[in-house]
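Have a look at the structure below, then the notes.
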Amino acid sequence: MDLDHEKYMHLALNEARKSPPRPTNFRVGAVLVNGTTGEVLSTGYTLELPGNTHAEQCALSKFAQLHNLPFERVGEALRPELAAVIYTTMEPCVERLSGNLPCVDRILQTQTIDCGGIRRVFTGVKEPDIFVKGNSGRAKLERAGIQCILVPGFEKEALEVAKAGHK
Ligand code: HJL
Ligand code: ZN
């Protein structure tokens, strides 16, 4: 099934708008989708869950909870036939100033030996060089065999939402 990328990116942007504006990070939204049926499996936004949580992390965490799995084993619920996809308004991070586990590593953790886990990542905009310089999320994902594709046409809006709360 060919997914309607614009539709899911709009959903992800709506998630991002729920995130509280902060000068110390971006407001990002994420939507986890069954790539075979188009069903939305989970959503998340920056700081949705307690603690210093990122959007992709929240979407995966909520999905893990739904399946009574610890975060590290969420890939077991993302079975190969789902061909799971995540839409995120900003390219997943490879480094966090807080030292928390970056979202790229969390996405890579979903991979299982039977080809389950997240298989494609669609993004709205690259991470600007504000907190971390030269985020290489896309390259790291692609090296591990996960496609990372920018959905054209969302850069301006994704950035505006992300930077609300910045001086
Ligand atoms: C993505 C998010 C989010 C960021 N990126 N893809 N999703 N907040 O939900 C990236 C930015 C980090 C800073 C600060 N933001 O968030 O680089 O405090 O927010 O760990 O590096 O790090 P912490
Ligand atoms: Zn992140």
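For ligands, and for the atoms within them, numbers begin at 1 and follow the listed sequence. These figures come from a predicted structure and were not determined experimentally.
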Query raised in the report: Would you call the rings of His10 and Phe154 parallel, tilted or perpendicular, where under 30° means parallel and over 60° means perpendicular?
Result: perpendicular

Requested in this report: Decide whether Val104 and Leu101 are clustered together by the hydrophobic rule: side chain heavy atoms of Ile, Leu, Val, Met, Phe, Trp, Tyr closer than 4.5 Å, transitively.
Outcome: no

Query raised in the report: Using the benzene-type ring in the case of Trp, are the ring centres of His54 and Phe26 under 6.0 Å apart?
Result: no

Query raised in the report: Out of curiosity, does Tyr8 fall in the hydrophobic cluster containing Met90 (side-chain heavy atoms, cut-off under 4.5 Å, transitive links)?
Result: no

Query raised in the report: Going only through I, L, V, M, F, W and Y residues with side-chain contacts under 4.5 Å, is there a path from Met9 to Val161?
Result: yes

Give me the pairs of N or O atoms, one from ligand 1 and one from the protein, that sit under 3.5 Å apart.
| unit_1 | atom_1 | unit_2 | atom_2 | d |
| --- | --- | --- | --- | --- |
| ligand 1 | 6 (N) | Glu56 | OE2 | 2.7 |
| ligand 1 | 6 (N) | Glu91 | O | 3.2 |
| ligand 1 | 7 (N) | Glu56 | OE1 | 3.0 |
| ligand 1 | 8 (N) | Phe26 | O | 3.4 |
| ligand 1 | 8 (N) | His54 | NE2 | 3.2 |
| ligand 1 | 9 (O) | Thr46 | OG1 | 2.8 |
| ligand 1 | 9 (O) | Ala55 | N | 2.8 |
| ligand 1 | 16 (O) | His54 | NE2 | 2.7 |
| ligand 1 | 17 (O) | Glu127 | OE2 | 2.6 |
| ligand 1 | 18 (O) | Asn52 | ND2 | 2.8 |
| ligand 1 | 19 (O) | His54 | NE2 | 3.3 |
| ligand 1 | 20 (O) | Arg96 | NE | 2.6 |
| ligand 1 | 20 (O) | Arg96 | NH2 | 3.1 |
| ligand 1 | 20 (O) | Ser98 | OG | 2.4 |
| ligand 1 | 21 (O) | Leu97 | N | 3.1 |
| ligand 1 | 22 (O) | Leu97 | N | 3.2 |

**Report entry** the Zn ion (ligand 2): protein N, O or S atoms [distance under 2.8 Å]
**Finding:** His54 ND1, Cys93 SG, Cys103 SG

Report task. Grab the two heavy atoms, one from Glu56 and one from Val28, that are nearest each other, plus how far apart they are. Result -> OE1-CG1, 4.4 Å

Requested in this report: Can you sort out the partners of Asp114 under side chain to side chain donor-acceptor pair (under 3.5 Å), two or more places apart, ordered by chain and number?
Outcome: Thr112

Report task. Output all residues satisfying salt bridge (Lys or Arg N to Asp or Glu O under 4.0 Å) with Glu72, sequence neighbours left out; order by chain, then residue number. Result -> none

Query raised in the report: Do Val132 and Ile130 sit in the same hydrophobic cluster, where Ile, Leu, Val, Met, Phe, Trp and Tyr count as joined when their side-chain heavy atoms come under 4.5 Å apart?
Result: yes

